Amino acid sequence: MTTPHTAPPAAAAAVPETPVAAKPSLSFRLDPAARKVRRTELWLLLLGMAMVAGYLAAVEANMLDTVTMDFWYPAGVLTAVFLGLHVVIRLRAPFADPVLIPVVALLNGFGVAFLRRLDLGRADADARPDLAIFAGDGGKQLLWTLIAVTGAAALLWVVRDHREISKFAWTLGFGGIILVLLPAVLPGSVSEVNGAKLWIRFGSFFAIQPGEFAKLMLLAFFAYYLVRKREVLALASRRVLGIDFPRGRDLGPVIVVWAMSLLVLVFEKDLGTSLLYFGMFVVTLYVATERVSWLIIGLILFFGGAVLAYVLAGIVGGPFTNFGQRVDIWLDPFAEPYDRGYQLVQSLLGLGTGGLFGTGPGAGSPLEVPEVRNDFIFAGMGEEIGLFGLTALLALYLLVVSRGLRAALAVRDSFGKLLAGGLAFTLGLQVFVIIGGISKLIPLTGQTTPFLSAGGSSLVANWLLVALLLRISDAARTPASTGGVRR
């Protein structure tokens, strides 16, 4: 058993040796405090699945003019899948945050339900009552949910201590860079979708988005690297307007990540992924050093690079053309409302049609929005659940991010703090990037809405992200009196 331990300040820059946690005993799993936490999770999970079932019933009522017993089937499968994960958490992470899984399961369930609603909309009116549970995008998302949740459960089962990940930090960092840049060097026929080179397609039926997994690998490396180097990076050389700026020679890591993000912006033609990678590094750097100057430097570098890319799009063209076009659409989507600006125009019209309360599940016309199954799913849902419904969805995302940050504050080791903080911020930034794009706050991006959009890569990667947050929150919340491992 490992006793409580806090590293002295002088050794804070080093990652401590990773002790392998002893296998929890039966008494540890049945601790009264753990039972209470897991009981809360169970009731919240059942409540969330009841809400998903209610949404599915409302869809059938509006689209079929009746409610068949089939609406229970997707909700039942989802409930069984999430209950299996709940059992794994009871065995492997009994003190983990009880709110994370119910909230993420609710988001995932709404995503499956809305995709099934789109499948019903595409089907002939006579064929809708007989639509199979695993048919169409909704059925595929249901299968991907099973795969993603199984992956999350496997990660929780295998990784007993989050600090074990730091042993493979350099390997993960190298692998993450390869995954980020791989689509850029592949032919467009296997990597390009809607102008962005983010995919690796295997035939016409299967594709993965390697950047979704790269973000987790790079975050683990960033956390490890910054824990070791944070004292050096926190040194200041000049104070300007009350802000301490770092020494010039310490800017190297930021410049490298900035250059990589610009390569993604130019050659993979995607602003969202570029902003995601650079943003998560700069924020993790800020958390490690507590220097506001790093945020200022990061913002200047990113927006300066984006402006430069837009200027070069007008002068040089070539690889900068796609980014320039996206900015032009963002500035005036109604200039070509039936051509380049069609997606954004339909997105804005859908959001406007929904108003405050929406048209009701199944009563709108979300199929008028191109790519409503992935990039624009938030706009499609907004038409039917309205501003209040979208606000509730955003509140759910905010809850996940806040619980992740809470785990980061509570865990004792520096690596866990940076990893949990980076994971939570990355999820929040991804939501901001995609919703900012469909609402015309920022140029359109190729990001998917976590847990809602159709797509296996995003769903699997984000469930792995949640599993890591669960592992870290379990370490933070485990009482020393239980006889378990207090990280």
Side-chain angles (χ1 to χ4, degrees), residues 38-90 98-150 152-153 358-364 366-367 372-373 377 380-381 383-386 389 392-393 396 449 451-456 459 463 466:
R38 300 277 65 84
R39 192 181 304 119
T40 300
E41 178 183 83
L42 176 60
W43 285 114
L44 288 175
L45 183 57
L46 294 176
L47 176 62
M49 291 302 97
M51 295 174 66
V52 172
Y55 185 93
L56 287 164
V59 167
E60 287 200 356
N62 282 316
M63 300 194 71
L64 307 180
D65 294 326
T66 185
V67 178
T68 69
M69 290 307 296
D70 291 348
F71 84 92
W72 281 107
Y73 297 155
V77 173
L78 288 170
T79 302
V81 170
F82 296 136
L83 286 178
L85 178 60
H86 169 74
V87 172
V88 172
I89 296 173
R90 277 183 175 267
V99 176
L100 278 173
I101 290 301
V103 173
V104 174
L106 181 58
L107 288 168
N108 195 160
F110 277 145
V112 172
F114 183 73
L115 291 172
R116 181 168 175 81
R117 178 260 176 271
L118 295 180
D119 294 332
L120 290 172
R122 295 189 190 98
D124 294 332
D126 295 336
R128 288 175 182 174
D130 299 321
L131 186 68
I133 181 176
F134 290 106
D137 291 326
K140 291 179 181 177
Q141 192 75 349
L142 201 56
L143 289 173
W144 276 116
T145 299
L146 174 60
I147 295 171
V149 173
T150 302
T359 60
L367 290 172
V372 69
R373 59 187 290 274
I377 194 170
M381 295 185 73
E383 181 185 357
E384 298 193 339
I385 64 176
L393 288 181
L396 293 177
T449 310
F451 307 111
L452 289 178
S453 297
L459 193 61
W463 268 107
V466 171

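Note that the coordinates shown come from a computational prediction; the quantities given were computed from them, not determined experimentally.
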Check: Listed by chain and number, what are the side-chain contact (heavy atoms from CB on, under 4.5 Å) partners of A392, not counting sequence neighbours?
Finding: none
Note to self: Return the CG to CG distance between L78 and L45, rounded to the nearest 0.5 Å.
What the structure shows: 10.0 Å
Note to self: Donor-acceptor pair, distance only, cut-off 3.5 Å: does the side chain of Q141 make one with the backbone of S453?
What the structure shows: yes
Check: What is the minimum heavy-atom distance between A75 and L56, and which atoms define it?
Finding: N-CD1, 4.0 Å
Item checked: Atom pair CG/CG of L47 and L106 - distance to nearest 0.5 Å -> 8.0 Å
Notebook entry, point to check: Are any of the side-chain heavy atoms of V104 and F451 separated by less than 4.5 Å?
Noted result: yes
Note to self: Per the side chain to side chain donor-acceptor pair (under 3.5 Å) rule, what does the pair list look like for residues 101-121, sequence neighbours excluded?
What the structure shows: N108-T145, N108-W463, R117-E384, D119-R122
Note to self: Give me each pair satisfying ring-ring contact (aromatic ring centres under 6.0 Å, His included) with a member in residues 39-58, each pair once, sequence neighbours excluded.
What the structure shows: Y55-F110
Margin query: So, taking the atom named CG in D137 and the one named CG in L142, what distance separates them when rounded to the nearest 0.5 Å?
Written below: 12.5 Å
Checklist line | Closest non-hydrogen atom pair between N62 and G360, with its separation | finding: ND2-C, 4.1 Å
Check: Out of curiosity, R90 CZ to R39 CZ, how far, rounded to the nearest 0.5 Å?
Finding: 7.5 Å
Next item on the list: Answer whether the closest heavy-atom distance between the side chains of L393 and I385 falls below 4.5 Å.
Entry: yes
Margin query: Under the side chain to side chain contact (heavy atoms under 4.5 Å, CB included) test against V149, which residue among L459, V88, V466, L85 passes?
Written below: L85
Margin query: Quick check: closest heavy atoms across P366 and L118, and the distance to 0.1 Å?
Written below: CG-CD2, 3.7 Å
Note to self: Once rounded to the nearest 0.5 Å, what's the spacing between atom CG of L42 and atom CG of L83?
What the structure shows: 6.5 Å
Which donor-acceptor pairs under 3.5 Å do the side chains of residues 63-71 make with protein atoms, sequence neighbours left out?
from : atom 1 : to  : atom 2 : distance (Å)
T68  : OG1    : E60 : OE1    : 2.8
T68  : OG1    : E60 : OE2    : 3.2
T68  : OG1    : D70 : N      : 3.3

Notebook entry, point to check: If you measure from CD1 on I377 to OG1 on T449, what distance do you get to the nearest 0.5 Å?
Noted result: 6.5 Å
Check: Does any pair with a residue in residues 125-144 pass ring-ring contact (aromatic ring centres under 6.0 Å, His included), and if so which ones, sequence neighbours excluded?
Finding: none
Item checked: Heavy-atom pair with the smallest gap, counting every atom of I101 and I89 -> CG1-CD1, 3.5 Å
Next item on the list: Taking salt bridge (Lys or Arg N to Asp or Glu O under 4.0 Å) as the test, write out the residues that go with E41, two or more places apart.
Entry: R38
